[in-house]
There are 2 protein chains.
Amino acid sequence: MPENAQKEQPRRRQARGERRVAQLLEAAASVFCTTGYTAASTNAIAREAGVSPGTLYQFFPNKEAIAIELGERLVHEMREAYGEALAPVDPATPLEQAVGAAVDRFIAFNCDHPVFFALMHGPDVPGRLTEEHDALHATLIGRVEALLSSFLPDAPSADITRTAQMALGIYMAGLELVLAREGAERDAYVQEIKNALIRYLDPLVGDRLGRPGLTRTPPR
Amino acid sequence: MPENAQKEQPRRRQARGERRVAQLLEAAASVFCTTGYTAASTNAIAREAGVSPGTLYQFFPNKEAIAIELGERLVHEMREAYGEALAPVDPATPLEQAVGAAVDRFIAFNCDHPVFFALMHGPDVPGRLTEEHDALHATLIGRVEALLSSFLPDAPSADITRTAQMALGIYMAGLELVLAREGAERDAYVQEIKNALIRYLDPLVGDRLGRPGLTRTPPR
DNA sequence: CCAGAATGCGAGCGACCACTCGTGTTTGTC
DNA sequence: GACAAACACGAGTGGTCGCTCGCATTCTGG
């Protein structure tokens, strides 16, 4: 069998088709964002995009594929964002700065793409997307673990993992609070995430050289 | 119209009926827990309880009412649990102790009733339950705010609220991690929640009298 | 300019699900 | 034992939703 071990030959697309796909994904993002994945109906997505249900199925084989495609594009963008945000950290940089930069980037991404949180955090996401989310989550945990290990080379790996999970959990909890706010209040919550993470992590990494960690409010 | 301004006269129940209700709620808890509210079918709940769908509707007017009843019973139990856990706090008690006791109680409750987290945290819960959840959440926030205020009488209320939200968020994030673990690992995560909360809150309440907060590793 | 492909439409199909109803069984009461 | 009310059943009903299909329209290569 010489041709086509591919599961799908990427059927030829015209410019109009590409535009429709983008239009449909945008509409899907909007609908998923407000109603969640399961509650979102494909007819609603088509209506939001201003096309007929039949047209939608011209470009996506089924409802799940819409979420998959959307998720993949978001994860791709996310990889770029977190690649910059968590990849190279000089152990000499102060904790405040490292945490602040990482949080700012991730928060910015999630504020730009609120669908991401909705899709990746809903309990009703289709199986294929869950895998994608788990993979991303595992990568993130791995990065944080690596960072922590570089600060605490002697700590048992179970402790490192637990700390990484907790740190990511704190960030996620804060993200949820941030997304529910706007303007100045939102900024204040972003700062609060940084406070929480720094206070959580500093006693660990601050001790690595006998350094007394964060400067506390002096006795004055 | 002399009689019945009630929306429902609580029709007379036999002992058998009470048993069925309990049986159905237990089955519903199990199904909600594994599939979430929306994905759970009333037929599945009836099957899990070993009765016919018709029987289920003998005791509940609709699917939402099942979740409502389940939620109300849980919230009722919860009120008792948190009443003990957060109500009276002597400002002299050390932070570790207060946080530890509160966390232990709430964790124990959620481990005993995993449905609670599933029902109250799913994005797909029916409107009526959301109100219930919001009310509970508001009460909890209020309690934490009151506690914080007693430690920090001079702090602006916006800061207090933000800190309370963040503290609750940290707890929730930890709870999710805890529920996904078992045995010794679970205990370690419970401890980690306490660590996170103490480190987050101590710099605030530790300063209330010029006390230098948690003893850090001394400069030696 | 003209085949043929890509795009677009929307009524409709099949499956699923919350919920009902007619009928039969058990239980409490006199 | 008799009567009514509570309980139990499960096939059926109406509605929703994912998805299809036949057909019309627009685009592209030759």
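First the proteins, then the strands, lettered A, B, ... as listed; each starts at 1. Here the structure is a predicted model, which means the values were calculated and not measured.
Closest approach of B:Val31 and B:Ala44 over heavy atoms only: CG2-O, 4.3 Å. Across all their heavy atoms, B:Arg186 and B:Val178 have their closest contact at NE-O, 3.3 Å. Between B:Ala27 and B:Glu48, the closest heavy-atom pair is CB-CG, 3.5 Å.
You'll find that the side chain of A:Thr42 is closest to D:dG18, out of D:dC7, C:dA18, D:dG18. For A:Asn43, taking side-chain heavy atoms from C-beta onward, the closest of the listed nucleotides D:dC19, C:dA18, D:dA6 is D:dC19. Closest approach to the B:Pro53 side chain among D:dA6, D:dA11, D:dC9 is made by D:dA11 (side chain taken as heavy atoms from C-beta onward). Taking the side chain of B:Thr55 as heavy atoms from C-beta on, and the options D:dG18, D:dA8, C:dG8, the nearest nucleotide is D:dA8. Residue A:Tyr57 has its side chain nearest to D:dT20 when only D:dT20, D:dG10, C:dC17 are considered. Looking at the side chain of B:Gln58, the nearest of the listed nucleotides C:dA18, D:dA8, D:dC19 is D:dA8. Here the nucleotide nearest the side chain of A:Ser41, chosen from C:dA18, D:dC17, C:dT27, is D:dC17.
A:Ile45 places its CD1 atom 11 Å from the C1' atom of D:dG18, with the value rounded to the nearest Å. Remark: C1' of C:dG28 and CZ of B:Arg13 are 16 Å apart, rounded to the nearest angstrom. We find that CG of A:Asp124 is positioned 12 Å from P of D:dG18, with the value rounded to whole Å. Distance B:Phe59 CZ to D:dA5 P: 17 Å, rounded to the nearest Å. A straight line from NZ of A:Lys63 to P of C:dA15 spans 19 Å, rounded to a whole angstrom. Atom-to-atom, CG of B:Leu56 to P of C:dT20 comes out at 11 Å; the value is rounded to the nearest Å.
Put simply, the side chain of B:Asp202 never gets that close to the backbone of B:Ile198: no donor and acceptor are under 3.5 Å apart. Remark: side-chain polar atoms of A:Thr35 are not paired, donor with acceptor, to backbone N or O of A:Phe32 under 3.5 angstrom. Between the side chain of A:Lys63 and the backbone N or O of A:Tyr37 there is at least one donor-acceptor pair closer than 3.5 Å.
Residue B:Asn62 is in sugar-phosphate contact alone, with no base atom involved, counting any heavy-atom pair closer than 4.0 Å across all strands shown. Using a 4.0 Å heavy-atom distance criterion, B:Ala46 is classed as making no nucleic acid contact.
For the pair B:Gln14 and B:Ala44, nearest-nucleotide mapping onto DNA chain C gives the more 5' position to B:Ala44.
The stretch residues 15-37 of chain A comes close to DNA chain D through A:Arg16, each having a heavy atom under 4.0 Å from the strand.
A:His113 and A:Phe109 have tilted rings, their planes meeting at an angle from 30° to 60° on a 0 to 90° scale.
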